[in-house]
Asker: 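Here it is, the structure, as structure tokens.
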There are 2 protein chains.
Amino acid sequence: MEKRALRPIARLSTEAQATLSLREHILSGALKPGERLTETPLAEQLGIARATLRMGLHRLASEGILVQIPYTGWQVVALSADDVWELWTLRSSLESLASRLAAERMTDSGAAKVSEAVENLSAACRRGRVNDINKADFAFHRTIVDLAGHGRLSEHYRQVEQQVRLYIASTNVYNEPDDWSVVIEHHRPLAAALIARDPDRAEAEARRHNETFGKKLVAAMRKDEQP
Amino acid sequence: MEKRALRPIARLSTEAQATLSLREHILSGALKPGERLTETPLAEQLGIARATLRMGLHRLASEGILVQIPYTGWQVVALSADDVWELWTLRSSLESLASRLAAERMTDSGAAKVSEAVENLSAACRRGRVNDINKADFAFHRTIVDLAGHGRLSEHYRQVEQQVRLYIASTNVYNEPDDWSVVIEHHRPLAAALIARDPDRAEAEARRHNETFGKKLVAAMRKDEQP
DNA sequence: CCATTGACGATTGTCGTCAATCGTCAATAA
DNA sequence: TTATTGACGATTGACGACAATCGTCAATGG
């Protein structure tokens with residue numbers, strides 16, 4: 001016998017499962033931006049009815065990773081430089097709020113989570129495997145948002161984060177053999193402010209962090225778009 | 001003959017029309033929070049198929065003004081004090097960003113729009129009709145967000161605004177015979193900062209505006225919830 | 001040769017129907 | 001009397017089929 005009581009089984013409607021599956025499939029980079037999706041074959045592949053699949057597609061569209069062209073089909077969004085700018089300004093704003101709130105309600109266990117996240121990121125940077133760094137990076141920011149204890153903020157952030165993931169997956173901006181040590185140096189001040197329970201500094205550091213990264217990224221994109 | 005060329009007619013899918021219709025119906029306050037909705041009668045009322053209606057319902061759920069209880073029904077969300085706190089902190093964050101951006105890219109025509117909006121609000125306050133004040137208030141803030149020229153921000157703000165509208169419609173917080181002149185005094189500094197093209201001040205004023213209102217509201221709600 | 005148009009295949013938009021699941025309430029037995 | 005259980009009505013969940021609309025491309029006429 002197990003110690004813990006039985007947990008209620010996680011029941012997911014077929015639509016929810018399909019949405020999950022599709023979302024991960026797209027975000028994994030298996031589908032390139034602009035790639036076309038048609039309902040009928042997709043429904044057959046997933047073994048569900050078209051109407052069911054369709055709900056999932058609509059949801060992903062409302063989340064901004066798919067676009068629908070009436071009577072023509074669905075396609076994975078192709079982000080422009082302006083889109084990336086929008087994403088980063090928005091992310092900066094949301095994460096600044098999250099950081100402030102997280103610092104305000106920081107607990108010992110929360111601080112431990114932040115420490116763990118930043119150490120994971122540090123370890124990943126030392127190993128130098130791009131995918132791992134990426135993952136640890138997202139996990140670090142996600143930790144902060146979760147610690148803010150703000151359901152709607154969490155949901156809005158998730159949508160932005162998702163599109164950022166899509167962008168990262170569809171480009172190789174992270175493949176530049178940059179010095180990975182700078183990545184961790186860019187995160188430590190924010191983590192420190194959080195652990196120190198300093199809302200003002202946490203908010204400022206979050207804003208600074210996002211803005212520097214965002215500016216670099218947008219500049220790189222515009223350079224690519226022009227010629 | 002008319003001068004202007006024919007504009008493309010606005011074609012809306014039945015689903016989109018149903019969504020629009022439902023959204024306004026709910027936001028108008030015709031349905032009280034917690035009120036139950038069943039698909040079949042609703043579909044009949046609107047004269048559309050259940051599957052079509054259902055897509056609209058799902059959308060409204062993802063926008064946070066409906067909740068779905070599996071195999072049971074849909075209902076209008078009932079916002080708690082915590083929810084209102086979430087809404088106002090989020091709105092503050094988003095509108096601060098919008099105000100900063102709007103101030104940065106302010107043009108003469110933009111400034112005119114801000115002036116017009118604030119004058120409308122002022123006029124409404126003098127007349128003292130609650131509904132008009134309310135409408136002008138939302139229009140003022142919407143003007144700022146539009147002027148920011150940030151599609152995603154606009155969409156995220158819309159969702160928050162919607163829930164705020166729902167909350168306002170379902171309560172009579174605005175019915176207190178407050179001195180309406182204070183309303184306009186709370187808005188003028190922000191408008192002035194925007195017209196002066198001062199991003200820092202605009203951002204700060206937006207934050208201050210939202211926080212004072214939010215705190216007052218949340219405090220009033222908690223007082224109502226406790227006993 | 002080229003612009004126009006009509007038809008065709010492909011794809012989504014919408015609909016009606018049946019299956020799965022929920023809450024409730026009465027029947028039952030200790 | 002009261003806790004359990006079985007059945008019922010109500011409601012959503014999922015499905016397959018038909019209609020509307022799109023882009024394309026060949027046929028047509030100048």
Asker: Is the shortest side-chain N/O distance from A:T52 to OP1 or OP2 of D:dC15 below 4.0 Å?
Answerer: yes
Asker: Is A:Q68 near enough to C:dG13 that one of its side-chain N or O atoms lies under 4.0 angstrom from OP1 or OP2?
Answerer: yes
Asker: From C-beta outward on A:R54, which listed nucleotide comes closest to its side chain: C:dT14, C:dG16, D:dT12?
Answerer: C:dT14
Asker: May I have the distance from A:R50 (atom CZ) to D:dA17 (atom P), rounded to whole angstrom?
Answerer: 12 Å
Asker: Please report, rounded to the nearest Å, how far the P atom of C:dC15 is from the CG atom of B:L53.
Answerer: 10 Å
Asker: For the pair B:R158 and B:E155, find out whether any cationic side-chain nitrogen is under 4.0 Å from an anionic carboxylate oxygen.
Answerer: yes
Asker: Would you kindly give the CD-to-C1' distance between A:E15 and C:dA19, to the nearest whole Å?
Answerer: 17 Å
Asker: Between A:P33 and A:V77, what is the shortest heavy-atom contact and its length?
Answerer: CB-O, 3.3 Å
Asker: Taking the nucleotide of DNA chain D with the closest heavy atom to each, which residue, A:I69 or A:A51, is nearer the 5' end?
Answerer: A:A51
Asker: Flag the pair A:E203 and A:R207 as a salt bridge only when some basic side-chain nitrogen lies within less than 4.0 angstrom of an acidic carboxylate oxygen.
Answerer: yes
Asker: Using atom CH2 of B:W74 as one end and atom P of D:dG13 as the other, report the distance to the nearest whole Å.
Answerer: 7 Å
Asker: Starting at CZ of A:R36 and ending at P of C:dA10, how long is that distance when rounded to a whole Å?
Answerer: 11 Å
Asker: Quickly work out the A:E44 CD to D:dC15 P distance and round it to whole Å.
Answerer: 13 Å
Asker: Can you tell me which nucleotide in D:dG13, C:dT12, D:dC15 comes closest to the side chain of B:E39?
Answerer: D:dG13
Asker: Rounded to the Å, how far apart are A:L46 CG and D:dC15 P?
Answerer: 11 Å
Asker: Select one nucleotide: of C:dT12, D:dT12, D:dC15, the one nearest the side-chain heavy atoms of A:I48.
Answerer: D:dC15
Asker: In terms of ring plane angle, is the pair B:W74 and B:H58 parallel, tilted or perpendicular, where the classes change at 30° and 60°?
Answerer: perpendicular
Asker: Please tell me which of the listed nucleotides, D:dC15, D:dG13, C:dG13, lies nearest to the side chain of B:T14?
Answerer: C:dG13
Asker: Of the candidate nucleotides C:dG13, D:dG13, D:dC15, which contains the atom at the shortest distance from the side chain of A:P70?
Answerer: C:dG13
Asker: Could you write out each protein N or O paired with an N or O of nucleotides 24-26 of chain C at a distance under 3.5 Å?
Answerer:
none

Asker: Do B:D146 and B:T143 have side-chain atoms, one donor and one acceptor, less than 3.5 Å apart?
Answerer: no
Asker: Assign each of B:G47 and A:G73 to its nearest nucleotide of DNA chain C by heavy atoms, then name whichever residue's nucleotide is nearer the 5' end.
Answerer: A:G73
Asker: How long is the line joining CG of A:L12 and P of C:dA20, in whole Å?
Answerer: 19 Å
Asker: Could you check whether the rings of A:W88 and A:Y167 sit parallel, tilted or perpendicular, using 30° and 60° as the cut-offs?
Answerer: perpendicular
Asker: Can we say B:E161 and B:R165 salt-bridge, meaning some charged N sits less than 4.0 Å from an Asp/Glu carboxylate O?
Answerer: no
Asker: Considering only C:dT14, C:dA20, D:dA20, which nucleotide approaches the side chain of A:Y71 most closely?
Answerer: D:dA20
Asker: With a 4.0 Å cut-off on N to O distance, would you call A:K215 and A:E211 a salt bridge?
Answerer: no
Asker: Is B:L37 touching bases, backbone alone, or none of the nucleic acid, heavy atoms closer than 4.0 Å?
Answerer: sugar-phosphate
